[in-house]
**Student:** 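This structure is in structure tokens; I'll ask about it shortly.
Worth saying up front: this structure is predicted, and the values here are computed from it rather than measured. Residue numbers begin at 1 in each chain, while the letters A, B, ... track the order of the sequences.
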2 protein chains.
Amino acid sequence: MAHSDTVTRILDAAEELFAEHGFSETSLRSITTQAGVNLAAVNYHFGSKKALIQAVFSRYLSPFYKMIAGSLDHYEKIKPDGVLSIEEMLGYFVRAIAGVSGGDRRRLAIFMRLLGLAYNQGQGHLRKYLQNEYKTDYERLMVLFTNATPDLKPEERFWRFHFMLGSAAFTLSNMEHLRAIQKDEFNEQCTEEDVLELLQPFLAAGIRAAK
Amino acid sequence: MAHSDTVTRILDAAEELFAEHGFSETSLRSITTQAGVNLAAVNYHFGSKKALIQAVFSRYLSPFYKMIAGSLDHYEKIKPDGVLSIEEMLGYFVRAIAGVSGGDRRRLAIFMRLLGLAYNQGQGHLRKYLQNEYKTDYERLMVLFTNATPDLKPEERFWRFHFMLGSAAFTLSNMEHLRAIQKDEFNEQCTEEDVLELLQPFLAAGIRAAK
DNA sequence: ATCTGTTTCAAACATACGTTTAACTCAAAT
DNA sequence: ATTTGAGTTAAACGTATGTTTGAAACAGAT
């Protein structure tokens with residue numbers, strides 16, 4: 001079908017270019033050129049550049065939350081008390097993240113980059129959109145995290161969650177570049193799986209840290 | 001003197017507006033308007049917007065490294081073996097960070113955002129500029145970190161350092177937004193000092209984590 | 001074959017941007 | 001008093017951007 005093909009090509013191109021150059025630095029012309037569609041197609045199908053940015057997020061975030069929700073449904077049957085350890089929780093995250101878009105790590109890096117941008121670009125309109133759009137899923141995740149960290153006070157939990165998020169977002173979004181630096185400095189290079197294996201105990205220990 | 005006054009006013013305005021809206025989203029017109037100077041003054045004094053961004057960055061980074069270097073000089077006299085604990089090292093960082101520009105945190109947020117950008121765009125002018133400009137200072141910091149973590153293998157140290165950097169960069173560059181979210185969710189708000197106090201044990205525990 | 005609604009397309013539009021120019025100001029040196 | 005040169009200014013320049021337009025192409029139903 002012509003419609004969804006054009007829409008998909010635009011989303012693919014936008015995703016890649018946004019991650020590489022940021023939102024404002026990416027023009028609709030570069031997106032439509034890379035997508036091989038007409039310039040006007042963006043405004044026709046999405047309405048505006050702002051709406052396109054939101055659509056890029058939704059396309060990634062929807063299946064991600066769907067997968068997380070499915071995992072949680074399954075888990076609640078096995079462990080009815082709903083208490084996961086931090087390590088179990090991180091494992092779930094890693095697997096959910098790795099599972100989305102068929103384990104395509106490039107898309108993961110792109111999305112993490114976009115997530116970081118969403119926090120400090122766009123005057124917050126994007127974050128508010130996401131918060132309204134995925135509010136219940138987000139809250140469900142926070143319940144999970146809360147159960148995994150019963151000893152933390154709410155504000156401690158809030159901040160440690162974001163410390164963790166920042167570390168993961170920075171690492172995953174800069175994965176390729178960091179591995180290049182590592183090769184440059186040590187003449188050795190981890191696989192991406194190795195990095196994830198190193199990251200998990202780092203995060204778990206941070207979450208568990210004494211005050 | 002008229003010269004340095006105009007230059008300073010431009011740097012102050014640029015710093016503030018960059019922090020609030022990002023680089024591409026901040027126009028020279030908004031900068032010169034806020035600074036109360038003529039539009040052409042930026043290109044006259046700095047040459048280009050790109051050079052202005054570098055100048056904003058240098059104005060922060062130079063005293064930061066000078067302060068770090070001074071602290072290290074002083075510390076090496078007290079502890080000639082040059083071994084700091086992780087907590088001592090983090091404390092130094094926090095104090096150096098807090099001390100630069102009289103504890104003005106907005107400037108810190110800019111610096112952290114620039115740091116993230118420098119890592120992100122592999123071909124960006126910022127990263128190359130920084131690497132040439134502050135190479136020796138960076139290496140000196142890595143020696144300090146190495147001495148603080150004698151049990152880590154080099155590649156573990158490398159990655160945990162960047163996990164830490166990512167967490168700090170994300171938190172500090174999004175400090176205002178995160179605190180706003182906290183207020184939104186909990187009707188409470190930490191001070192920025194509180195956040196730094198929370199961050200330190202998180203990072204220290206991550207660095208110390210069992211493998 | 002004709003009609004109908006959707007999608008594509010080249011072109012134009014209006015605006016915002018970084019940059020450049022040339023005239024002007026004014027204090028310090030001659 | 002005149003010259004000099006750095007600094008400032010308003011205006012203009014060229015370009016890139018997001019958006020809109022109206023006609024053309026297309027697909028599916030009648």
Side-chain angles (χ1 to χ4, degrees), chain A residues 1-59 114 117-118 120-126 128-129, chain B residues 1-59 110 113-114 117 121 123-126 129:
Chain A
M1 190 185 297
H3 172 121
S4 80
D5 184 54
T6 295
V7 167
T8 301
R9 293 159 68 89
I10 290 173
L11 286 172
D12 288 341
E15 192 174 85
E16 187 168 330
L17 292 172
F18 283 154
E20 194 173 351
H21 303 113
F23 300 118
S24 302
E25 297 85 350
T26 302
S27 67
L28 291 186
R29 282 169 177 80
S30 68
I31 291 171
T32 52
T33 298
Q34 169 152 338
V37 304
N38 186 271
L39 169 62
V42 169
N43 285 284
Y44 176 77
H45 287 287
F46 296 94
S48 68
K49 183 181 183 180
K50 195 178 282 189
L52 171 61
I53 294 174
Q54 294 179 347
V56 167
F57 269 84
S58 286
R59 188 173 64 147
L114 294 179
L117 287 175
N120 59 29
Q121 279 194 7
Q123 292 136 345
H125 83 273
L126 183 54
K128 279 175 184 160
Y129 163 79
Chain B
M1 189 186 299
H3 171 121
S4 80
D5 185 54
T6 295
V7 167
T8 302
R9 291 160 68 88
I10 290 173
L11 286 171
D12 288 342
E15 204 170 73
E16 186 169 333
L17 291 171
F18 284 155
E20 194 173 351
H21 302 115
F23 301 109
S24 299
E25 296 85 351
T26 302
S27 68
L28 291 187
R29 282 170 176 81
S30 68
I31 291 171
T32 52
T33 298
Q34 169 151 337
V37 304
N38 187 270
L39 169 63
V42 168
N43 286 285
Y44 177 77
H45 287 288
F46 297 94
S48 68
K49 183 181 184 180
K50 196 177 281 190
L52 170 63
I53 294 174
Q54 292 181 349
V56 168
F57 192 79
S58 283
R59 190 170 67 145
I110 296 173
R113 183 172 301 186
L114 273 162
L117 284 175
Q121 44 198 50
Q123 311 157 337
H125 66 283
L126 260 175
Y129 166 79

**Student:** Could you state the atom-to-atom distance from CD1 of B:Ile53 to C1' of C:dG18 in whole Å?
**Tutor:** 12 Å
**Student:** Please state whether the phosphate of C:dT19, meaning OP1 or OP2, lies under 4.0 angstrom from any side-chain nitrogen or oxygen of B:Asn43.
**Tutor:** yes
**Student:** Find the distance B:Tyr44:OH to C:dT25:C1' and express it as a whole number of Å.
**Tutor:** 13 Å
**Student:** Atom CZ in A:Arg9, atom CG in A:Asp5: separation rounded to 0.5 Å?
**Tutor:** 5.5 Å
**Student:** Whole-Å distance between D:dT20 C1' and A:Lys49 NZ?
**Tutor:** 17 Å
**Student:** Could you identify which residues of residues 30-39 of chain B place a heavy atom less than 4.0 Å from some atom of DNA chain C, listed by residue number, or say none?
**Tutor:** B:Leu39
**Student:** To the side chain of B:Arg29, which of C:dT20, C:dT7, C:dT19 is closest?
**Tutor:** C:dT19
**Student:** Of the candidate nucleotides C:dC17, D:dT8, D:dG18, which contains the atom at the shortest distance from the side chain of A:Leu28?
**Tutor:** D:dG18
**Student:** Check the distance between D:dG18's P and A:His45's NE2 and give it to me in whole angstrom.
**Tutor:** 17 Å
**Student:** With side chain to side chain contact (heavy atoms under 4.5 Å, CB included) as the criterion, how do A:Val7 and A:Arg59 come out once you've worked through the C-alpha distance, each side chain's angles and the decisive distance to 0.1 Å?
**Tutor:** CA-CA 11 Å; A:Val7 167; A:Arg59 188 173 64 147; over 6 Å; no
**Student:** May I have the distance from A:Glu25 (atom CD) to C:dG18 (atom C1'), rounded to whole angstrom?
**Tutor:** 15 Å
**Student:** Evaluate side chain to side chain contact (heavy atoms under 4.5 Å, CB included) for A:Phe46 paired with A:Leu11, printing each intermediate quantity in order.
**Tutor:** CA-CA 10 Å; A:Phe46 296 94; A:Leu11 286 172; 3.9 Å; yes
**Student:** For A:Lys49 versus A:Phe18, what's the shortest heavy-atom pair and its separation?
**Tutor:** CE-CE2, 4.3 Å
**Student:** Quick check: closest heavy atoms across B:Thr6 and B:Val37, and the distance to 0.1 Å?
**Tutor:** CG2-CG1, 3.9 Å
**Student:** Kindly give the heavy-atom pair with the smallest separation between A:Leu17 and A:Thr26, and that separation in Å.
**Tutor:** O-OG1, 3.1 Å
**Student:** Would you compute the distance between atom CD of B:Glu15 and atom CZ of B:Phe57 and round it to the nearest 0.5 angstrom?
**Tutor:** 11.5 Å
**Student:** Which nucleotide wins on minimum distance to the side chain of A:Ala40, given the candidates C:dA10, C:dT8, D:dT8?
**Tutor:** C:dA10
**Student:** Identify which nucleotide among D:dT17, C:dG18, C:dT7 has an atom closest to any side-chain atom of A:Ser27, counting heavy atoms from C-beta outward.
**Tutor:** D:dT17
**Student:** Kindly state which residues belonging to residues 10-18 of chain A come within less than 4.0 angstrom of DNA chain C, counting heavy atoms of the residue only, listed by number.
**Tutor:** none
**Student:** How close do B:Val56 and B:Ala14 get, counting heavy atoms only, and between which atoms?
**Tutor:** CG2-CB, 4.0 Å
**Student:** Nearest whole Å is fine: how far is D:dT8 P from B:Arg9 CZ?
**Tutor:** 10 Å
**Student:** Does a nitrogen or oxygen in the side chain of B:Thr6 sit under 4.0 Å from OP1 or OP2 of D:dT8?
**Tutor:** yes
**Student:** What distance do B:Ile53 atom CD1 and B:Ser24 atom OG have between them, rounded to the nearest 0.5 Å?
**Tutor:** 7.0 Å
**Student:** Using the C1' atoms of five pairs at each end, what's the angle between the two axes of the helix from C:dA1-D:dT30 to C:dT30-D:dA1, to 10 degrees?
**Tutor:** 10°
**Student:** Test side chain to side chain contact (heavy atoms under 4.5 Å, CB included) on B:Leu28 and B:Asn43; report intermediate values, then the result.
**Tutor:** CA-CA 9 Å; B:Leu28 291 187; B:Asn43 286 285; 4.0 Å; yes
